[in-house]
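Okay, structure first, notes after.
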Protein chains: 2
Amino acid sequence: MDIRTLCLGLLTQSDASGYEIKKIFEGQLRHFFDASYGSIYPALNKLTEEGLVRCTEQAQDKRPDKKVYSITPAGRMAFLDELMQPPGRDRYRSEFVATMMFADLLPPRHVSDLIDKRVEEYRVMLDDLQRACAEGDAGKAFVVGLGHAMYRAGLQYLEENRHLVEGEALLASASSAAD
Amino acid sequence: MDIRTLCLGLLTQSDASGYEIKKIFEGQLRHFFDASYGSIYPALNKLTEEGLVRCTEQAQDKRPDKKVYSITPAGRMAFLDELMQPPGRDRYRSEFVATMMFADLLPPRHVSDLIDKRVEEYRVMLDDLQRACAEGDAGKAFVVGLGHAMYRAGLQYLEENRHLVEGEALLASASSAAD
DNA sequence: ACGGACATGTAACACGTTACATGATTAA
DNA sequence: TTAATCATGTAACGTGTTACATGTCCGT
């Protein structure tokens with residue numbers, strides 16, 4: 001699902017400007033998706049050309065014009081069509097995970113620091129998601145709940161199993177300390 | 001962490017050809033990373049130019065030459081250097097999750113089918129990971145375990161909460177059936 | 001006076017995939 | 001004979017990010 005389609009989807013829920021769409025990505029959706037202005041504005045222009053959204057320019061005093069986009073019936077159909085396509089496979093990219101794969105090459109302290117940081121990040125994220133769970137429709141709540149469940153499991157795993165990568169490092173430092 | 005660095009990392013663990021590296025990505029690492037020949041071969045060539053890996057051509061009878069790459073001391077240093085950089089944020093892209101966000105726009109049956117499929121995929125993946133857990137060093141086991149824990153939580157959540165998105169659909173169809 | 005929010009956009013760049021090109025060997 | 005596995009590579013394309021360009025208003 002590319003940014004263009006995602007924007008179209010957001011516009012099924014409410015009219016918005018490019019700037020506002022960015023805010024939505026930075027808000028509750030932050031832990032699942034993101035998009036920069038560099039992809040949002042061109043996407044919106046393309047959708048307009050294709051007749052899937054309509055743009056109403058609102059002149060504002062003391063501010064640049066605000067371009068508010070709303071989805072057209074054709075846009076709704078196109079989005080539905082997209083949603084009905086079999087979803088492609090998830091893709092994931094985690095430098096933390098990649099780093100942990102090679103934990104045995106790193107100084108023990110560094111590994112511990114990385115895990116500490118990640119644990120803290122998970123905690124913040126879980127708080128965020130808890131809060132986000134309240135607001136929003138069923139679909140959003142479901143997705144937020146899924147994220148929460150998975151990140152909570154990740155956090156718990158880190159806490160219970162960090163010794164696996166820290167231990168190995170300790171072993172190495174213990175054998176050199178035993179000299 | 002780009003493909004080039006990932007290849008370098010794999011070469012810290014054993015010498016390999018481009019073809020073999022692809023097999024590794026398709027094997028135990030499948031659920032965490034992937035890479036196509038179109039990025040692996042150029043990466044390997046670039047690493048060679050940079051002096052981070054060395055290439056030994058093995059003439060094979062009845063097969064094209066096999067180019068086996070091994071990491072150089074400079075390569076090890078460069079990889080370590082890379083690993084010591086603070087890891088960038090995770091990025092995630094899931095069409096399933098995106099689709100679920102808009103579950104209320106979809107036919108109830110379709111949503112149920114999607115979840116059924118996802119549940120089945122999780123089951124297969126968990127089996128895979130269970131098996132992969134045994135082999136490999138501490139780092140790999142840790143990462144595989146983390147994946148397992150998170151996907152298991154995802155599966156459980158889906159099973160226990162699918163009614164949230166199926167229920168809403170049912171509600172809509174119930175009210176129209178009550179006419 | 002300065003940084004941050006509001007507001008829109010473009011161009012260069014990075015990174016990766018897909019499809020193509022080539023060709024032998026082996027098992028069904 | 002047909003498909004799969006072994007084996008390497010390139011070129012076109014897609015998709016997105018970063019950095020830049022521009023300008024106002026508001027709070028401190």
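Chain A is the first sequence line, chain B the second, and so forth, proteins listed ahead of strands; every chain is numbered from 1.
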[X] has a side chain; which of [options] sits nearest to it?
X	options	answer
A:Asp34	D:dA7, D:dT17, C:dT10	D:dT17
B:Lys66	C:dG16, D:dT10, D:dA7	D:dA7
A:Tyr19	D:dT17, D:dC6, C:dC6	C:dC6
B:Tyr41	D:dT15, D:dG9, C:dT10	D:dG9
B:Ile3	D:dG16, C:dG16, D:dT8	C:dG16
B:Ser39	C:dT17, D:dG16, C:dT10	C:dT17
B:Arg93	D:dG16, D:dT10, C:dA7	D:dG16

Given atom [atom1] of [X] and atom [atom2] of [N], what is their separation to the nearest angstrom?
X	N	atom1	atom2	value
A:Ile21	C:dG9	CD1	P	12 Å
B:Tyr37	C:dG23	OH	P	19 Å
B:Glu20	D:dG9	CD	C1'	17 Å
B:Ile40	D:dC6	CD1	P	14 Å
A:Phe33	D:dT17	CZ	P	13 Å
A:Arg4	D:dG14	CZ	P	13 Å
B:Arg91	C:dG16	CZ	C1'	13 Å
A:Asn45	C:dT10	CG	P	6 Å

Using heavy atoms to find the nearest nucleotide of DNA chain D for B:Tyr69 and B:Lys23 separately, return the residue whose nucleotide is more 5′.
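The 5'-side residue here is B:Lys23.
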For A:Val165 and B:Gly139, which heavy atoms make the closest approach, and how far apart are they?
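A:Val165 and B:Gly139 have their closest heavy atoms at CG1-CA, 4.1 Å.
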Using the rule given for salt bridge (Lys or Arg N to Asp or Glu O under 4.0 Å), can you reason through B:Arg109 versus B:Asp113, listing the C-alpha separation, both sets of side-chain angles and the distance that settles it, and then say yes or no?
CA-CA 6 Å; B:Arg109 260 307 289 280; B:Asp113 285 352; 3.7 Å; yes
Check whether any side-chain nitrogen or oxygen of B:Ser36 sits under 4.0 Å from OP1 or OP2 of C:dG16, and answer yes or no.
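For B:Ser36, the contact criterion (side-chain N or O under 4.0 Å from OP1 or OP2 of C:dG16) is not met.
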Respond yes when some side-chain nitrogen or oxygen of B:Lys67 is under 4.0 Å from OP1 or OP2 of D:dG9, and no when none is.
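So the side-chain polar atoms of B:Lys67 do come within 4.0 Å of the phosphate oxygens OP1 or OP2 of D:dG9, strictly under.
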What do the steps show when you test B:Asn45 against B:Thr48 for side-chain hydrogen bond (donor to acceptor under 3.5 Å, both in side chains), and what is the final call?
CA-CA 5 Å; B:Asn45 286 328; B:Thr48 307; 5.1 Å; no
For the residue pair B:Tyr37 and B:Tyr19, does the interplanar ring angle fall in the parallel (under 30°), tilted (30 to 60°) or perpendicular (over 60°) class?
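Parallel: the ring planes of B:Tyr37 and B:Tyr19 meet at under 30°.
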Lys/Arg cation over aromatic B:Tyr122: B:Arg118, 6.0 Å, 45° cone
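Yes, B:Arg118 sits over the ring of B:Tyr122.
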